[in-house]
Protein chains: 2
Amino acid sequence: MPADERYITIVELLFFAYRDFTREADAILAEFGLGRAHHRVLHFVNRHPGLRVADLLEILKITKQSLARVLKQLVDEGWIAQQTGTQDRRERHLRVTDKGTTLAIKLDQLQAKRVGGALAACGPAGEAFVRRFLFDMISLDERGHVEALLPAADAGAAPKA
Amino acid sequence: MPADERYITIVELLFFAYRDFTREADAILAEFGLGRAHHRVLHFVNRHPGLRVADLLEILKITKQSLARVLKQLVDEGWIAQQTGTQDRRERHLRVTDKGTTLAIKLDQLQAKRVGGALAACGPAGEAFVRRFLFDMISLDERGHVEALLPAADAGAAPKA
DNA sequence: CAAATAAGTCAACATGGCTGACATAAATTC
DNA sequence: GAATTTATGTCAGCCATGTTGACTTATTTG
């Protein structure tokens with residue numbers, strides 16, 4: 001099979017994988033009256049306590065106004081708490097509450113389980129390839145930002161062909 | 001690093017990969033007044049000429065009404081043509097027009113290029129792992145449908161750990 | 001002929017993006 | 001200290017794309 005043909009197949013697999021990957025979490029979120037946008041905020045705040053609003057905008061690549069809508073709801077409903085920065089009092093540092101932690105972990109476990117299952121047949125070598133592939137799918141000028149967000153020895157662990 | 005921690009990292013990489021992967025095509029589509037939903041329809045019709053409306057619904061997992069909106073526009077603007085089925089005249093078989101083919105190929109090449117680039121450091125073994133991983137990320141009860149859509153010796157080519 | 005099926009359509013609504021304009025408070029710079 | 005920049009918040013309205021529910025039409029099937 002020609003390379004382009006194989007690559008298009010991977011494009012399609014990526015679509016189907018993402019389609020099902022998100023649908024599962026969406027169902028749980030709906031029980032709490034939340035959507036995918038809330039999930040993303042909850043997730044990244046949980047993973048990076050003290051994250052600022054500006055950081056979230058950089059991560060999600062959405063506008064302040066779009067973020068405000070979901071963030072306001074998350075704060076109002078007690079999933080996320082805001083703390084005024086001590087050094088720079090203009091900043092709002094975000095943290096998940098206990099309630100938020102519970103949900104964030106629940107969703108993380110769900111998605112980790114799916115990833116773990118998909119990696120089951122791959123072994124450590126396959127896992128490294130998958131990691132490398134996904135990292136290189138990120139736009140070149142964004143990889144630095146992403147790398148800074150991930151646990152240390154991660155994307156850098158690049159297997160050779 | 002514990003397994004769950006590594007898996008969550010992969011969840012995040014998947015988010016960032018998909019974020020950038022789609023943003024690139026979105027920019028081109030916007031030039032033609034089209035969106036991501038149109039792209040998905042155009043893509044699958046291009047890859048599977050003669051696809052029926054019901055097939056698209058199964059692939060995209062959206063409602064008939066959602067599909068109708070974008071499909072109508074694609075037909076009205078001459079990207080896609082409908083043919084009444086000869087055997088079963090209730091069916092509408094969809095095909096991309098020449099105009100539609102041009103755009104579909106343009107977008108496919110863009111995305112294939114990104115996938116190719118991301119696979120560059122992986123080699124054939126890595127490619128097989130990536131394919132396997134993405135396929136196994138699909139919900140179990142959907143894998144059959146997806147397999148039927150892909151070029152033959154594809155997802156079945158399962159490397160062992 | 002009756003029932004099931006494939007597709008199309010109307011209306012209303014929710015979510016989550018967007019732009020543009022503007023407000024506030026705090027930090028920084030001149 | 002005044003002026004400017006920065007981080008955040010907010011109002012108003014718009015667009016794309018998903019949803020439910022109800023209903024029609026043409027056609028095939030039992």
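Fair warning: this is a prediction, and the values are worked out from it, not measured in the lab. Chain letters run A, B, ... following the sequence lines, proteins first, then strands; residues in each count from 1. As a basis for the values below, the full set of heavy atoms in this structure was taken, side chains included, without hydrogen atoms, waters or symmetry mates.
- Residue A/S66 has a polar side-chain atom (N or O) positioned under 4.0 Å from OP1 or OP2 of C/dC18.
- Closest to the side chain of B/A68, out of D/dT27, C/dT9, C/dG16, is C/dT9.
- Applying the 4.0 Å criterion to OP1 and OP2 of D/dT17, one finds that B/H38 has a side-chain N or O inside that range.
- The base of D/dG9 has none of its N or O atoms less than 3.5 Å from a complementary donor or acceptor on the side chain of A/Q82.
- Going from atom CG of A/L57 over to atom C1' of D/dA7 covers 10 Å, rounded to whole Å.
- Going from atom CZ of B/R89 over to atom P of C/dG8 covers 14 Å, rounded to whole Å.
- In this model, the phosphate group of D/dG18 is not approached by any side-chain N or O of B/T63 to a distance below 4.0 Å at OP1 or OP2.
- In this structure the side chain of A/Y18 reaches within 4.5 angstrom of the side chain of B/L14, judged on heavy atoms.
- Atom NZ of A/K99 is surrounded by more than 12 heavy atoms from other residues, nucleotides or ligands within 6.0 Å.
- For the pair A/L34 CG and C/dT15 P, the interatomic distance rounds to 10 Å; values are reported in whole Å.
- Put simply, the side chain of A/T101 gets close to the backbone of A/T97: a donor and an acceptor are under 3.5 Å apart.
- Two residues are said to be in side-chain contact when any heavy atoms from C-beta on lie closer than 4.5 Å; A/E127 and B/F133 fail this criterion.
- When atom types are taken as modelled, the side chain of B/T84 and the backbone of B/R92 share no donor-acceptor pair closer than 3.5 angstrom.
- If you check every strand for non-hydrogen atoms under 4.0 Å, A/R69 touches a base.
- Within the nucleic acid shown, A/H93 has no heavy atom closer than 4.0 Å to any nucleic acid atom.
- Two residues, A/R36 and A/Q87, neighbour DNA chain C, and the one matched to the more 5' nucleotide by heavy-atom proximity is A/R36.
- Of the two residues contacting DNA chain C, namely A/R40 and A/T86, the nearest-nucleotide position lying further toward the 5' end is that of A/R40.
- For A/Q83 and D/dT8, the CD to C1' distance is 16 Å, given to the nearest whole Å.
- Counting distance only, with no hydrogens placed and no angle test, the side-chain atoms of B/K72 and the base atoms of C/dG8 include no donor-acceptor pair under 3.5 Å.
- A donor and an acceptor atom sit less than 3.5 Å apart, one in the side chain of A/Q65 and one in the base of C/dG20.
- Contacts of A/Q73 with the nucleic acid, taken as non-hydrogen atoms under 4.0 Å apart, are absent.
- Judged purely by distance below 3.5 Å, without hydrogens or angles, the side chains of B/R19 and A/S139 never pair a donor atom with an acceptor atom.
- For the pair B/L71 CG and C/dA7 P, the interatomic distance rounds to 10 Å; values are reported in whole Å.
- Atom CZ of B/R92 is separated from atom C1' of C/dA7 by 6 Å (rounded to the nearest Å).
- Among the nucleotides D/dT17, C/dG8, C/dG16, the one closest to the side chain of B/A37 is D/dT17.
- Atom-to-atom, CG of A/D88 to C1' of C/dA26 comes out at 7 Å; the value is rounded to the nearest Å.
- Between the P atom of C/dA7 and the CG atom of B/L51 lies a distance of 10 Å, rounded to the nearest Å.
- The side chain of B/R90 has D/dA26 as its nearest neighbour among C/dC18, D/dT8, D/dA26.
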